[in-house]
Number of protein chains: 2
Amino acid sequence: MTEPPEIRDSGPELVYMQVANWIAGRIERGELKPGHKLPAERDLATQIGVGYMTVRRAMRELRDRGLIITVVGRGTFVAEPRDT
Amino acid sequence: MTEPPEIRDSGPELVYMQVANWIAGRIERGELKPGHKLPAERDLATQIGVGYMTVRRAMRELRDRGLIITVVGRGTFVAEPRDT
DNA sequence: ATGCATTTGTCCGTATGTATG
DNA sequence: TCATACATACGGACAAATGCA
């Protein structure tokens, strides 16, 4: 699975933030709908071409933003939108 | 292990803990009275929509807290309140 | 006593997240 | 990145304990 290279721009931004923002963008644009199950973190790391821990940091970032919900033993899912 | 325990990453909510806390709340609010027989673990699992082993983990948690008593072949019952 | 239904107990296999090296 | 170990989640299968007719 060759992912588009635009995931990582050449800026000084931390890699995990680039990954987080890439996924966040896909969620906010509606490409990933609420309830959608994301690939397993290990698979995501392989697919994107970054380290496992990098994906985990990105997931924690998205979790903190309330964009995803993680359930141990089940997976990671796009959260319901929260209006502000 | 060099870090103090106060540093807790906002981890995901474990399903069995959610189940345990939900039942614990019902007991502590008096919705479930001492001696009350809870549904069978497997029925509970079906009703709540989680796996059997997950309910069993939750039951073990409640048992450890002294909130319920389990008897093989009979069922699970709300324990008598223990003052501290 | 034997059988049946109900309920908890145990184990297995697979998938996933967590943590560390 | 890769490897290792462990906890959690789920479903299935079978065993053990209880109560009842």
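Per chain, numbering begins at 1; letters A, B, ... match sequence-line order.
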(request) Mind checking the CD-NZ spacing from E31(A) to K33(A)? Nearest 0.5 Å is all I need. (result)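 The NZ atom of K33(A) is 9.5 Å from CD of E31(A), to the nearest 0.5 Å.
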(message) Distance check, rounded to the nearest 0.5 Å: L62(A) atom CG versus T76(A) atom OG1?
(response)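 Here the interatomic distance stands at 9.5 Å.
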(request) State plainly whether the residues E61(A) and R65(A) are in salt-bridge range, i.e. N to O under 4.0 Å. (result)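 Yes, this pair counts.
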(message) Apply the hydrophobic cluster definition, ILVMFWY joined by side-chain contacts under 4.5 Å directly or through others, and give me every member besides Y52(A).
(response)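 Result for Y52(A) is M53(A).
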(message) Taking the side chain as everything from C-beta on, heavy atoms only, tell me whether V50(A) gets closer than 4.5 Å to L44(A).
(response) no
Round to the nearest Å and state the distance from [X] atom [atom1] to [N] atom [atom2].
{"X": "D43(A)", "N": "dT14(C)", "atom1": "CG", "atom2": "P", "value": "17 Å"}
{"X": "M17(B)", "N": "dA9(D)", "atom1": "CE", "atom2": "P", "value": "10 Å"}
{"X": "I69(B)", "N": "dT7(C)", "atom1": "CD1", "atom2": "C1'", "value": "16 Å"}
{"X": "L44(A)", "N": "dT18(C)", "atom1": "CG", "atom2": "P", "value": "13 Å"}
{"X": "M53(B)", "N": "dA13(D)", "atom1": "CE", "atom2": "C1'", "value": "13 Å"}
{"X": "E41(A)", "N": "dT1(D)", "atom1": "CD", "atom2": "P", "value": "15 Å"}
{"X": "M59(A)", "N": "dA19(C)", "atom1": "CE", "atom2": "P", "value": "15 Å"}
{"X": "F77(A)", "N": "dA15(C)", "atom1": "CZ", "atom2": "C1'", "value": "11 Å"}

(request) Let me know, please, whether V71(B) or P39(A) comes out on the 5' side of the other along DNA chain C by nearest nucleotide. (result) V71(B)
(request) Report yes if a donor N or O on one partner sits less than 3.5 Å from an acceptor N or O on the other, where the partners are the side chain of Y52(B) and the base of dG9(C); otherwise report no. (result) yes
(message) Does dG17(C) have OP1 or OP2 under 4.0 Å away from a side-chain N or O of T76(A)?
(response)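 Result: yes.
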(request) Determine: side-chain N/O of T54(B) to OP1/OP2 of dC10(D), distance under 4.0 Å, yes or no. (result) yes
(message) Donor-acceptor pair, distance only, cut-off 3.5 Å: does the side chain of N21(B) make one with the backbone of M17(B)?
(response)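 Yes; judged by distance alone, with no hydrogens or angles, the pair exists.
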Every protein N/O lying under 3.5 Å from an N/O of nucleotides 6-8 of chain D:
unit_1: dT8(D); atom_1: OP1; unit_2: Y16(B); atom_2: OH; d: 3.4

(request) List the steps and the verdict of side chain to side chain contact (heavy atoms under 4.5 Å, CB included) for V78(B) and L67(B). (result) CA-CA 6 Å; V78(B) 177; L67(B) 288 176; over 6 Å; no
